[in-house]
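Read the structure below first, then the notes.
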Amino acid sequence: MSPPRAGAGVRFQRLLRSYAADDVFNPWTQCSADDAPAANGPAARCRRLAAHLAIPAQYLLIGEASGYQGCRMTGIPFTSERLVIADMIPRVAVALRAPRLSTRRIPWSEPSATVVWSTLHELGIAGSTVLWNAFPWHPHRPQQPLSNRTPTRPERAHGLAVLEALLAQFPHARLFAVGRHAEQALMEIGRSAAALRHPSMGGATQFRQALRSALQC
């Protein structure tokens, strides 16, 4: 299987880091108020993301948008601080993990991230899967950085170019859309994917079953 395409990766990084908008946090260019000063910040999140993407992925799971308990802190979609420091994330070495990423008393933990990674490990595909979001940045409510909201239509449009650049790095990977927004975004750029129920809001069992069934096809 071919390795990720270098040219596509350069364009992907440029698009990812160049975006800025009101009420949207860019994990790979901005500092969060609760970043652990010695262990986390934009540069650390960029290194973690690079490690996550550094494989000829067999599977791509595309979600909807970054969340405040997950990618905002770690720089990897569907990934929480708790999972990183528990060594649940392949290719994120000890030097990239650090004892803690945040100054929060309890490490950030995202329910959807826990479901996704536990399922990937259970199915034996954690090491060959790359995770991404159709809108890669973290949209939040005005004056509430620790909140989530659905990206607007204009915001979603900005994410499509990044999504295309990400997919170009993994031309042979199987695509899975986690949630309707992800499925719609992929359709807008002319890509089809196996549709999976998003694990949030009581969808964990359906997500697990759908992914397991899709892998058997």
Side-chain angles (χ1 to χ4, degrees), residues 1-5 8-9 12 15-16 49 51-67 70-71 74-80 83 88-92 110-139 148 150-151 153 155-217:
M1 187 175 293
S2 302
R5 297 179 179 178
F12 165 77
L15 290 169
L16 185 64
L49 178 60
H52 177 62
L53 300 179
I55 56 165
Q58 292 181 262
Y59 310 100
L60 291 181
L61 267 63
I62 309 299
E64 299 179 347
S66 295
C71 189
T74 66
I76 301 175
F78 285 115
T79 301
S80 69
L83 292 173
M88 290 288 291
I89 313 304
R91 301 178 299 285
V92 178
E110 185 180 69
S112 292
T114 300
V115 172
V116 167
W117 277 108
S118 65
T119 304
L120 296 179
H121 281 284
E122 178 185 336
L123 296 175
I125 62 170
S128 55
T129 299
V130 158
L131 307 175
W132 195 244
N133 285 310
F135 185 76
W137 309 285
H138 169 226
N148 294 325
T150 301
R153 185 176 294 273
E155 286 172 342
R156 285 178 54 212
H158 284 284
L160 295 181
V162 187
L163 179 58
E164 288 183 300
L166 184 281
L167 296 181
Q169 298 182 67
F170 306 100
H172 305 296
R174 290 185 62 184
L175 272 179
F176 298 87
V178 184
R180 294 180 180 177
H181 291 293
E183 187 177 9
Q184 179 62 37
L186 287 164
M187 290 176 58
E188 289 178 17
I189 61 174
R191 300 294 297 269
S192 60
L196 305 177
R197 170 73 156 83
H198 198 285
S200 65
M201 305 296 290
T205 298
Q206 290 174 279
F207 168 81
R208 291 190 181 98
Q209 292 174 343
L211 182 55
R212 182 183 295 275
S213 296
L215 291 174
Q216 294 172 349
C217 296

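Heads up: numbering here begins at 1 and tracks the sequence.
- Atoms CZ and CD1, from R174 and I125 in turn, are 9.0 Å apart once rounded to the nearest 0.5 Å.
- Atom-to-atom distance recorded for M88:CE and W117:CH2 is 8.5 Å, nearest 0.5 angstrom.
- Side-chain atoms of R91 come within 3.5 Å of backbone atoms of H52 as a donor-acceptor pair (strictly under, hydrogens ignored).
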Evaluate the criterion side-chain contact (heavy atoms from CB on, under 4.5 Å) for residue pair F12 and Q169; output intermediate values, then yes/no. CA-CA 9 Å; F12 165 77; Q169 298 182 67; 3.4 Å; yes

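- Residue W137 comes nearest to L15 through the heavy atom pair CZ2-O, 3.9 Å, listed as atom of the first residue, atom of the second, then distance.
- Put simply, the side chain of E64 does not reach to within 4.5 Å of the side chain of F135, judged on heavy atoms.
- Across C71 and P77, no two heavy atoms sit closer than the pair SG-N, 3.7 Å.
- Inter-residue side-chain proximity for N133 and I62 is flagged as unmet; no heavy-atom pair is nearer than 4.5 Å.
- I89 CD1 to T79 OG1: the interatomic distance, rounded to the nearest 0.5 Å, is 4.5 Å.
- In this structure the side chain of F176 never reaches within 4.5 angstrom of the side chain of L60, judged on heavy atoms.
- Minimum heavy-atom separation, N148 to G67: OD1-CA, 3.3 Å.
- Nearest heavy-atom pair across P151 and A65 is CG-CB, 3.9 Å.
- With sequence neighbours excluded, the residues satisfying side chain to side chain contact (heavy atoms under 4.5 Å, CB included) with E188 are R156, L160, Q184.
- Looking at S118 and R208, their side chains come closer than 4.5 Å, going by heavy atoms from C-beta outward.
- Rounding to the nearest 0.5 Å places CD1 of I55 at 6.5 Å from OG of S128.
- P199 has its side chain within reach of V178: a pair of non-hydrogen atoms, C-beta onward, lies under 4.5 Å apart.
- Residues L16 and P136 are in side-chain contact: their nearest non-hydrogen atoms beyond the backbone lie under 4.5 Å apart.
- The CH2 atom of W132 sits 9.5 Å away from atom CG of L163, with the distance rounded to the nearest 0.5 Å.
- A salt bridge is absent between R191 and E164: the closest approach of a Lys/Arg side-chain nitrogen to an acidic carboxylate oxygen does not fall below 4.0 angstrom.
- Rounded to the nearest 0.5 angstrom, Q58 CD and L215 CG are separated by 10.0 Å.
- Minimum interatomic distance between A57 and V130 (heavy atoms only, all atoms of both residues): CB-CG2, 3.7 Å.
- Using a 4.5 Å heavy-atom threshold, the side chains of T74 and L49 count as separate.
- Listed here is the closest heavy atom pair of G202 and R197: C-NH2, 4.2 Å.
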Please walk me through it: do H198 and S112 pass side-chain contact (heavy atoms from CB on, under 4.5 Å)? CA-CA 8 Å; H198 198 285; S112 292; 3.5 Å; yes

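- No side-chain heavy atom of F78 sits under 4.5 Å from any side-chain heavy atom of L83.
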Does the side-chain contact (heavy atoms from CB on, under 4.5 Å) test come out yes or no for R212 and E122, once each step is laid out? CA-CA 10 Å; R212 182 183 295 275; E122 178 185 336; 2.6 Å; yes

